[in-house]
Protein chains: 2
Amino acid sequence: MGKGEQTRDSILDTALDQASLVGLEGLSIGDLAKKTGLSKSGLFAHFGSKEALQVEILRTAVWRFAKIVVAPAQRQAKGIDRLRALFENLLDWTEMGGIRGGCIFLAAAVELDDREGLAREFLVESQLNWLRTLTKAVLRTVREGDLGAGVNSQDFAHEIHGIYLAYHQAKRLLHDPGAKGRALRAFETLIANNR
Amino acid sequence: MGKGEQTRDSILDTALDQASLVGLEGLSIGDLAKKTGLSKSGLFAHFGSKEALQVEILRTAVWRFAKIVVAPAQRQAKGIDRLRALFENLLDWTEMGGIRGGCIFLAAAVELDDREGLAREFLVESQLNWLRTLTKAVLRTVREGDLGAGVNSQDFAHEIHGIYLAYHQAKRLLHDPGAKGRALRAFETLIANNR
DNA sequence: TAATAAAACGAACGGTCGTGCTGTCAATTC
DNA sequence: GAATTGACAGCACGACCGTTCGTTTTATTA
C-alpha cells in the first residue's frame, strides 16, 4: 500500500467518525484537515470534491458494516441462528466499529432524502442491499422451518429494520437504558409470533 | 395579533418547511430572510440567536403535530379506534401539515443526538411526550379489552414507533410505493397478535 | 395628529466554507 | 544515484455564515 493510499485510509477513518457526529454535510474539510494533521488542500486533493469525499465515507462505512455485522453472521448455521446473529450484531455495530456518533446510514438517510447526487444514490443502493440481505436471511429461516410458511419475508425484514430504528433513537436521543433489552424482546416476540 | 407576531408566525411557517428539507443546522438565516422577503437582520431580531430560532421551529412543529395527529384522534372512541386513528394520522402528518421534507422530529433526532443545548432538550421532551401519549392510548385499549391484558404498553408503543420509522425511511429515502401498505399491515398484524 | 414604541433595514464584523493554483519536498522507479 | 511521479503545503479566491450596530420606516397609542 503506497503512501497516498495509507493517508487516504486514515483520513476516511477520522472522517467516518466525524461524519457520524455532525453529519455528512456538517463535516468540514478544514476541520477534518486539522484533525488528521494535513493541510486543507492536501486533504482535498485526495478526493477532488466534498461530494466524492462523502461517497467514500459511506463506502468505508459499508465495508465496516459488512465486516462487523454480515460476515460473522455468515458463520452461523443458516436459519434462525443466522438471522438472530444478524440482528444482534446490528445493535452494537457502531460501537464495535469505533464510530462514536451512531449509525451513519440513519443519519445520512434523513440528511440525503431530499437531496440528489452521488451520495444519495450510493446510500440508497446500500440500504436496498442491506434489506435484501435481511430478506434473504428471513427466507432461509422459513425454509429451515424456524418460521411459518406464511411469513412474508420482505415485510418481516422491514419489521426487523423498524425495531432497529426505534432502538437506535431510544438509545442515542433519549439515552434510554432499557432500549437494548426492549429491542431484543421485540425481536424474539416477532419470531415467536410467526413460528 | 400585532404586526410582529404575524411576521414571526409566517417566518416560522417557512422555516419549518425549510428545516425539514435541509435540517435545523443546514438552515441558513440569510436564505430564510430571502424566502420571507425580510432583511437578514430584521428576521434575526425576532429570535436573537439561531439556537432560539431552532427551538421555535420545533415548537411550531409540535403544535402542528398536536393539531393534525393527536387532536382528531381524541374525537374517536377510546380503545382500538383511537389508537388506530393516532397511527394512521401519524403516517400522513407531514403532508397534511404542508411540510415538504418529511418528519422534522426524525431529522432533528439524528441531527441533535450528539449535540447539547436547548434545541436538543426541547426535542427530547417532545419525543418523550409523544411516546407517553402513545403508551397511554395502548393502555386504554387494553382496558377496553381490544388488546390482551398481558400487553406491555410501553413496549407496544415503541413497536408502533418502529413501524413508523421504517415506513418513513422507506417512503422518503427509497421512494418505496409499498411503504404505506406495509406499515398499515404491520400495525394490524401487531394488534391481531396481541388480542 | 403628535408622541411613542415596535419592526425592519443596510452595512459591516470576524470567521469559515469549498475549491483552485503554484510550488516544493518526498517517495517510487529506472 | 538520477529521473520521474505523486503527495502535500501555502496562499488566495469569492461566497456565505451568524451576529451586532445605528438608523429609518412603520405601526400603535394617547
Side-chain angles (χ1 to χ4, degrees), chain A residues 1-16 18-58 60 107-108 111-112 114-120 122, chain B residues 1-16 18-19 21-60 107-108 111-112 114-120 122:
Chain A
M1 183 165 63
K3 175 92 195 306
E5 211 173 333
Q6 198 171 321
T7 307
R8 201 186 121 105
D9 284 5
S10 94
I11 292 172
L12 286 171
D13 279 352
T14 308
L16 172 53
Q18 194 63 18
S20 79
L21 291 168
V22 300
L24 285 171
E25 209 60 38
L27 183 147
S28 105
I29 290 175
D31 183 61
L32 190 54
K34 212 167 290 174
K35 285 191 164 66
T36 52
L38 290 173
S39 71
K40 214 162 52 138
S41 55
L43 187 148
F44 187 81
H46 280 275
F47 305 99
S49 74
K50 188 175 183 183
E51 187 180 29
L53 168 62
Q54 293 172 334
V55 171
E56 295 312 306
I57 290 174
L58 288 174
T60 304
E111 204 175 347
L112 302 178
D114 288 305
R115 274 188 249 275
E116 49 187 31
L118 297 177
R120 191 204 138 89
F122 185 90
Chain B
M1 182 163 65
K3 175 88 194 305
E5 212 171 332
Q6 197 171 320
T7 306
R8 200 185 120 106
D9 284 4
S10 94
I11 292 173
L12 286 173
D13 279 353
T14 307
L16 173 53
Q18 194 62 17
L21 291 169
V22 300
L24 286 171
E25 208 62 35
L27 183 147
S28 105
I29 290 175
D31 182 63
L32 190 55
K34 213 167 289 175
K35 285 192 164 66
T36 53
L38 289 173
S39 70
K40 211 160 58 140
S41 55
L43 186 147
F44 187 82
H46 281 274
F47 306 98
S49 74
K50 189 174 183 183
E51 186 179 30
L53 168 60
Q54 292 172 333
V55 172
E56 294 313 306
I57 290 174
L58 287 174
R59 197 191 307 281
T60 305
E111 204 176 347
L112 302 178
D114 288 304
R115 275 188 248 274
E116 48 187 31
L118 297 176
R120 189 202 141 90
F122 186 88

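Since this is a predicted model, take the numbers as computed values, not measurements. Excluded from the calculations below are hydrogen atoms, water molecules and symmetry mates; all remaining heavy atoms, backbone and side chain alike, are included. Just so it is clear: chains get the letters A, B, ... in the order the sequence lines come, proteins before strands, and each one is counted from 1.
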Side-chain-base donor-acceptor pair under 3.5 Å for Lys40(A) and dG18(C) | yes
So, the side chain of Lys50(B) versus the backbone of Glu25(B): is there a donor-acceptor pair under 3.5 Å, distance only?
-> yes
In whole angstroms, the gap separating C1' of dA9(D) from NZ of Lys34(A) amounts to 15 Å
For Leu38(A) and for Glu25(B), find the nucleotide of DNA chain D with the closest heavy atom, then tell me which residue's nucleotide is more 5'.
-> Leu38(A)
Which residue lies more 5' along DNA chain D, comparing Leu27(B) with Gly2(B) via nearest heavy atoms | Leu27(B)
Given atom CD1 of Ile29(A) and atom P of dA9(D), what is their separation to the nearest angstrom?
-> 14 Å
Round to a whole Å and report the spacing from CZ of Phe47(B) to C1' of dA7(C).
-> 13 Å
What distance do Phe122(A) atom CZ and Leu112(A) atom CG have between them, rounded to the nearest 0.5 Å?
-> 12.0 Å
Value in whole Å for how far the C1' atom of dG18(C) lies from CD of Glu51(A) = 13 Å
Checking all strands, does Gly37(B) fall into the base, sugar-phosphate, or nothing category for heavy-atom contacts under 4.0 angstrom?
-> sugar-phosphate
Closer than 4.0 Å, any side-chain N/O of Ser28(A) to the OP1 or OP2 of dT16(C)?
-> no
Salt-bridge criterion met for Arg8(A) and Glu5(A) (N-O under 4.0 Å) | no
Side-chain N,O (Thr7(B)) to OP1/OP2 (dA8(C)) below 4.0 Å | yes
Glu51(B) (side chain) donor-acceptor with Leu118(B) (main chain) under 3.5 angstrom | yes
Phe44(B) CZ to dA7(C) P: how many Å, rounded?
-> 16 Å
Check if the side chain of Ser41(A) and the base of dG10(D) share a donor-acceptor pair of N or O atoms closer than 3.5 Å.
-> yes
Distance test, side-chain N/O of His46(B) to OP1/OP2 of dA8(C), below 4.0 Å = yes
Gly48(A) or Asp31(A): which one's nearest nucleotide on DNA chain C is closer to the 5' end?
-> Asp31(A)
Quick one: label Leu43(A) by what it contacts on the DNA or RNA (base, sugar-phosphate, nothing), any heavy atom closer than 4.0 Å.
-> nothing
Between Gln54(B) (CD) and dG18(D) (C1'), how many Å, whole number?
-> 11 Å
Report the distance from atom CD of Gln6(B) to atom C1' of dT26(D), rounded to the nearest whole Å.
-> 13 Å
Backbone N/O of Leu24(B) and side chain of Glu111(B): donor-acceptor pair under 3.5 Å | yes
To the nearest Å, give me how far apart NZ (Lys50(A)) and P (dT19(C)) are.
-> 8 Å
